[in-house]
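Below, each value reflects all heavy atoms present in this structure, side chains not excepted, and no hydrogens, waters or symmetry copies.
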Amino acid sequence: MDSRFTELLRPFLKHAGADETVIAPETDLRKLGVDSMQAIELLFAVEDTFGISLPDEELNDATFATAGSLWGVIRAQLPDAPTGQVTA
């Protein structure tokens, strides 16, 4: 995962300590406080930060379940992402 992504994500994790929580691919975003309203705010922040637009079919609970699942969808939209390959 990209350091810009983890720094962007940190303020949305209201149940995580300030800088104590390590954000790993398996980090459960819901357990750390990302609810449906925050997911929308997070979506806008992601799109602004990375200059991408996430496809409508990816705007679901599974995408926002873990840091890795969200990063995988973001990574697939980045201009330098390998075709057909999503990495966490």
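Between the side chain of Thr49 and the backbone N or O of Ala45 there is at least one donor-acceptor pair closer than 3.5 Å. In this structure a side-chain-to-backbone donor-acceptor pair under 3.5 Å is present from Glu47 to Leu54.
Here the side chains of Leu32 and Ile23 are not in contact, with every heavy-atom distance at 4.5 Å or above. Residues Ile74 and Leu70 are in side-chain contact: their nearest non-hydrogen atoms beyond the backbone lie under 4.5 Å apart. Side chains of Leu43 and Gln38 form no contact here, defined as non-hydrogen atoms less than 4.5 Å apart. Side-chain atoms of Met1 and Pro25, non-hydrogen and from C-beta on, do get closer than 4.5 Å to each other.
Taken together through direct or relayed side-chain contacts under 4.5 Å among Ile, Leu, Val, Met, Phe, Trp and Tyr, Ile40 and Val73 form parts of separate hydrophobic clusters.
Atom CG in Asp28 sits 11.0 Å away from atom NE2 in His15 (nearest 0.5 Å). Taking CE of Met37 as the start and CG of Leu42 as the end, the distance is 13.0 Å to the nearest 0.5 Å.
Nearest approach of Ala62 to Ser69, heavy atoms of both residues: O-OG, 3.0 Å. Of all heavy-atom pairs between Ala24 and Ala67, the closest is O-CB, 3.4 Å.
Checked against side-chain hydrogen bond (donor to acceptor under 3.5 Å, both in side chains), Thr27 has no partners two or more places apart in sequence or in another chain. Shown here are the side chain to side chain contact (heavy atoms under 4.5 Å, CB included) partners of Pro11, two or more places apart in sequence or in another chain: there are none. The side chain to side chain contact (heavy atoms under 4.5 Å, CB included) test applied to Asp2 returns Arg4, Phe5, Phe50, Trp71, not counting sequence neighbours.
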